[in-house]
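Below is one structure, written out as structure tokens; the observations come after it.
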Amino acid sequence: MAGKQDAPTAAVVVDADGVVSGWSEGATLLLGWTAADTVGRPVAELLADPVPPGFPEDYGVGPDPTGFVPLRHRDGSTVDAVLTAHPLRGTDNRALGHVLTVQRWGRRPVIADRAFEQCPFALGVYDPELRFLWINASSGRVIAHTEEQVLGKKYRELFPEFDRSLFPERDDKPYTDALAEVASTGKATRLITVFHPRGSDYANAWATSIWPVRDADGKVRAVANWGFDMSAEYWARQRLLILNEASGGIGRTLDVIGTAEELARTPVPGFVDLVTVDLFDEVLRGEEPPSPPTFNPREALTLSRAARHSARDDGSSLPERPKPVSHAAGSVAARCMATGRSTVELTAESGQGGEWAFGPGLAADPAHWPPGNPVIDESLAEDGLTGRITVPLRARGALLGVVVFSRRDRPEAFTADDLILAEELTAKAAVAIDNARRYSRERTTALTLQRSLLPQRLPSQEAVEVASRYLPAGTGSEVGGDWFDVIPLSGARVALVVGDVVGHGLHASASMGRLRTAVRTLADVDLPPDELLTHLDDLVLHLASDHHPGGHFQPTGESGATCLYAVYDPVSRRFTVASAGHPLPLVVFPDGTSMPVPAQPGPPLGIGGLPFEATEVELPEGSLLALYTDGLVESRERDVDQRIAELLRVLRPSATSLETLCDTVMDAMLLPDRRTDDAALLLARTHALDPHHVADWDVEADFAQVQQARQAAVDQVEAWGLAEAAFITELVVSELVTNAIRYGEPPIRLRLIRDTSLICEVSDGSNTAPHLRRARAFDEGGRGLLLVAQLTQGWGTRHSSDGKTIWCAQALPLSSPG
């Protein structure tokens, strides 16, 4: 009896005449009879009782749902068993007999049969060739077929539309391939599939487990599977994935158009097929959006189409520039913007209700929709759409525009959860767009201030030919404090300046304006480069102390700057430079060789207490000087030395015009999408003053020499063809030479320079500087410098290591030859 209790389920094949034609090993173990004993005998001979009515055609599904019948064992005992008859039919649907499955009687097998049959999960069994052997009722409902319709048929041939994986990008196998692999390898597997149930507009996602069914010898005799509908969980996960993508993908750049394009791309194609983003023109310009009273749902609204993305786009076309788009009075978009509420529109076909009309789970219940949604609109079908969600774009209480999410290539209808997702995406993007708008406004203000503080036109002078460029940082980066300047100095010299203020934004622009004004003021005093930077360093320290709050004001930001100040003298062709932490200028000689100026940079401005060193080099006429800020050569991909070498290569064909060369340098060194800092460039090609335009004399410290100096100056001026300037020159030379003899120290030297103006210089070895004063009525002196100031365009004093020079300049007569 132990063998009988452990016997497996048996199978017996009976032909149309009720004769046994097949006998399994399980039947032998259960009843003791062998195939030789039973094949060819009537199946009724195996019954211990008379043949029940309807046996075996409707046995097991007739009045007695248990299918109980007593069978005869070979040893004469009775085996209580449960029989289930499965009909066998030929290709012409002709009845060929039955397959009887036999289980030992007991409550467990019957309850198990009922449990499997009534299981809400889809269950199925296939032979090694993937033919259907059995499915339960739930599986039949999913595939819309009865068990009789699928038994003996192959899955792939019967349901090719279901044969696909949910994640083909992960190289997951299609469903039938997974079945075949389990049948061949005997290894269980799990996968997720998605398909559209017949008669449904909603895509279902199913979690499926597949495992092998082995006999007593371990050989795979069949493959079984079960699956459950996880559509609600799947779509909830998809929504979370889209929101997660939006968190990292929307608002990466502080650009209004770029952020709108990110919003349009993120939900396509995972959520919808088409997204449009329309914004008010004020938002695109960085201005405040219009207030609600300025628009009315009964009036047409004109916005700008900032972004549009479709699942049908192949990605090869460039984003279009914003163009006007009108929303008619009373349109859904106009109503949404006026009321601030979203609207979901569905076609009648997708909104007619039913189990799948609104998707599975809680979202399928229309009670979860906000009031007024969804709206059935047949005009959607005319536009080729199956659904549309219109959401007003609002941030910080301001209306920025409207976003429309549309479906046209997917059959499933929108759910209440889809509306929540659309509003979440729009809310995230609205804050990012408003941030970009505010940044754009501030950046425009800072850039306007920056450009207004830079030289609008470089001054006219003969020492160097100059050209300049300034480019602010790219979109998404704040404006910095880079500047440059060209300052004419006495003696036909010129100062070249570049600088960079620490920080960005309005504070940096304002600080740059202060420093540029300070440099010009110190340059007017004619300080040497190293002394000028020392005074400028003190100024930055004072400005930094002003930034610390005293209780009423907040600090305005960082302080500090770098600056390079250089002076070129066209008479001596000497180039003197000092740097406060700034990149040194590059020199390209007329023969094509190049080098950085061999100077020693000092500390940045604002450190204090450290000296600055000036370096002087002599340059051939026609040398090219390149002064720049670090934004031109800094790069994340290459180090500074490599970038400087690249800049020198671009500068070497220096025969071209400086304006063209400036454009070439900026195009070669700065890529628009990688410009993270401001960049300033100042190019200068040196000139040498004609030696015939310079005349100088040594003057002895004797008042008798004044007349000789005066006469030599008049003769030289007349030789230059400037006879009209002879009288004033005579008076000026007389006054300056007399003062040098009376108040100065030897050596005394007189120099005339013919440049854009006629310059007269008197040098002596004293550091005592004269000053202008107004003489009283009976004073015998005090009128000389006042006379010089009245007769000339300007005058001044510059100091050197061995004394001082008093200079004055007068305009050349208009008729004088060049």
Measure from the side-chain N and O atoms of [X] to the backbone N and O of [Y], and report whether any donor-acceptor pair falls under 3.5 Å.
{"X": "Arg643", "Y": "Leu632", "result": "yes"}
{"X": "Thr797", "Y": "Ile806", "result": "no"}
{"X": "Asp569", "Y": "Val571", "result": "yes"}
{"X": "Thr686", "Y": "Gly622", "result": "yes"}
{"X": "Ser440", "Y": "Ala436", "result": "no"}
{"X": "Trp720", "Y": "His692", "result": "yes"}

Starting from the C-alpha separation in whole Å, work towards a yes-or-no answer on side chain to side chain contact (heavy atoms under 4.5 Å, CB included) for Leu527 and His535.
-> CA-CA 9 Å; Leu527 294 177; His535 285 282; 3.4 Å; yes
Donor-acceptor side-chain pairing of [X] and [Y] below 3.5 angstrom:
{"X": "Gln810", "Y": "Thr729", "value": "yes"}
{"X": "Tyr470", "Y": "Asp482", "value": "no"}
{"X": "Asp281", "Y": "Ser304", "value": "yes"}
{"X": "Thr756", "Y": "Glu462", "value": "no"}

Rounded distance (nearest 0.5 Å) linking atom [atom1] of [X] with atom [atom2] of [Y]:
{"X": "Asp698", "Y": "Arg749", "atom1": "CG", "atom2": "CZ", "value": "4.5 Å"}
{"X": "Leu648", "Y": "Leu624", "atom1": "CG", "atom2": "CG", "value": "10.0 Å"}
{"X": "Ile748", "Y": "Asp764", "atom1": "CD1", "atom2": "CG", "value": "6.0 Å"}
{"X": "Asp690", "Y": "Ile753", "atom1": "CG", "atom2": "CD1", "value": "12.5 Å"}
{"X": "Leu627", "Y": "Ser579", "atom1": "CG", "atom2": "OG", "value": "10.0 Å"}
{"X": "Asp524", "Y": "Ile487", "atom1": "CG", "atom2": "CD1", "value": "7.5 Å"}

With sequence neighbours left out, what residues match Glu745 under side-chain contact (heavy atoms from CB on, under 4.5 Å)?
->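 Glu745 satisfies side-chain contact (heavy atoms from CB on, under 4.5 Å) with Ser766 only.
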Which donor-acceptor pairs under 3.5 Å do the side chains of residues 663-670 make with protein atoms, sequence neighbours left out?
unit_1 : atom_1 : unit_2 : atom_2 : d
Asp663 : OD1    : Arg469 : NE     : 2.9
Asp663 : OD1    : Arg469 : NH2    : 3.1
Thr664 : OG1    : Thr660 : O      : 3.0

Any side-chain heavy atom of [X] sitting closer than 4.5 Å to one from [Y]?
{"X": "Ile257", "Y": "Pro322", "answer": "yes"}
{"X": "Leu736", "Y": "Cys808", "answer": "yes"}
{"X": "Leu625", "Y": "Leu586", "answer": "no"}
{"X": "Arg252", "Y": "Glu262", "answer": "yes"}
{"X": "Val494", "Y": "Leu489", "answer": "no"}
{"X": "Leu532", "Y": "Thr534", "answer": "no"}
{"X": "Phe484", "Y": "Leu458", "answer": "yes"}
{"X": "Val540", "Y": "Leu515", "answer": "yes"}

Contact summary for [X] and [Y], nearest pair of heavy atoms:
{"X": "Glu618", "Y": "Ser572", "value": "CG-O, 4.2 Å"}
{"X": "Leu279", "Y": "Ala306", "value": "CD1-CB, 3.7 Å"}
{"X": "Arg437", "Y": "Val256", "value": "N-CG2, 3.7 Å"}
{"X": "Thr259", "Y": "Ala429", "value": "CG2-O, 4.2 Å"}
{"X": "Ala580", "Y": "Leu533", "value": "N-CD1, 3.8 Å"}
{"X": "Ile250", "Y": "Ala432", "value": "CG2-CB, 4.3 Å"}

Chi angles and distances behind the side chain to side chain contact (heavy atoms under 4.5 Å, CB included) call for Tyr628, Val498 | CA-CA 7 Å; Tyr628 55 91; Val498 288; over 6 Å; no
Residue among Ser763, Ser800, Ser490 satisfying side-chain hydrogen bond (donor to acceptor under 3.5 Å, both in side chains) with Thr805 =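 With Thr805 as partner, Ser763, Ser800, Ser490 yield a single side-chain hydrogen bond (donor to acceptor under 3.5 Å, both in side chains), made by Ser763.
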Can you say whether the rings of Tyr568 and Phe575 are parallel (under 30°), tilted (30 to 60°) or perpendicular (over 60°)?
->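 It falls in the tilted class, 30° to 60°.
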Any chance you could lay out the salt bridge (Lys or Arg N to Asp or Glu O under 4.0 Å) test for Arg438 and Asp434, step after step, and finish with the verdict?
-> CA-CA 6 Å; Arg438 292 166 179 259; Asp434 193 53; 2.9 Å; yes
Would Thr266 and Glu245 satisfy side-chain hydrogen bond (donor to acceptor under 3.5 Å, both in side chains), going step by step from the backbone distance to the final call?
-> CA-CA 7 Å; Thr266 297; Glu245 181 182 354; 5.0 Å; no
Using a 3.5 Å cut-off and no angle test, enumerate the donor-acceptor pairs between side-chain atoms of residues 599-613 and protein atoms at least two apart in sequence or in another chain.
none

Set of residues satisfying salt bridge (charged side-chain N to carboxylate O under 4.0 Å, His left out) with respect to [X], sequence neighbours excluded:
{"X": "Asp537", "value": "none"}
{"X": "Glu761", "value": "Arg751, Arg798"}
{"X": "Asp526", "value": "Arg493"}

List the steps and the verdict of side chain to side chain contact (heavy atoms under 4.5 Å, CB included) for Leu658 and Val466.
-> CA-CA 7 Å; Leu658 293 189; Val466 291; 5.5 Å; no
Evaluation steps, side chain to side chain contact (heavy atoms under 4.5 Å, CB included), between Leu564 and Val577 = CA-CA 7 Å; Leu564 184 139; Val577 60; 3.8 Å; yes
Let me know which of Val519, Leu682, Val497 forms a side-chain contact (heavy atoms from CB on, under 4.5 Å) with Asp485.
->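 So, applying the side-chain contact (heavy atoms from CB on, under 4.5 Å) to Asp485 and each of Val519, Leu682, Val497, only Val497 qualifies.
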Does the pair Arg685 and Ser623 meet the rule for a side-chain hydrogen bond (donor to acceptor under 3.5 Å, both in side chains), with working shown?
-> CA-CA 6 Å; Arg685 183 175 285 121; Ser623 297; over 6 Å; no
Under the side-chain hydrogen bond (donor to acceptor under 3.5 Å, both in side chains) criterion, do Thr253 and Asp255 qualify, and how do the steps go?
-> CA-CA 5 Å; Thr253 61; Asp255 178 67; 5.1 Å; no
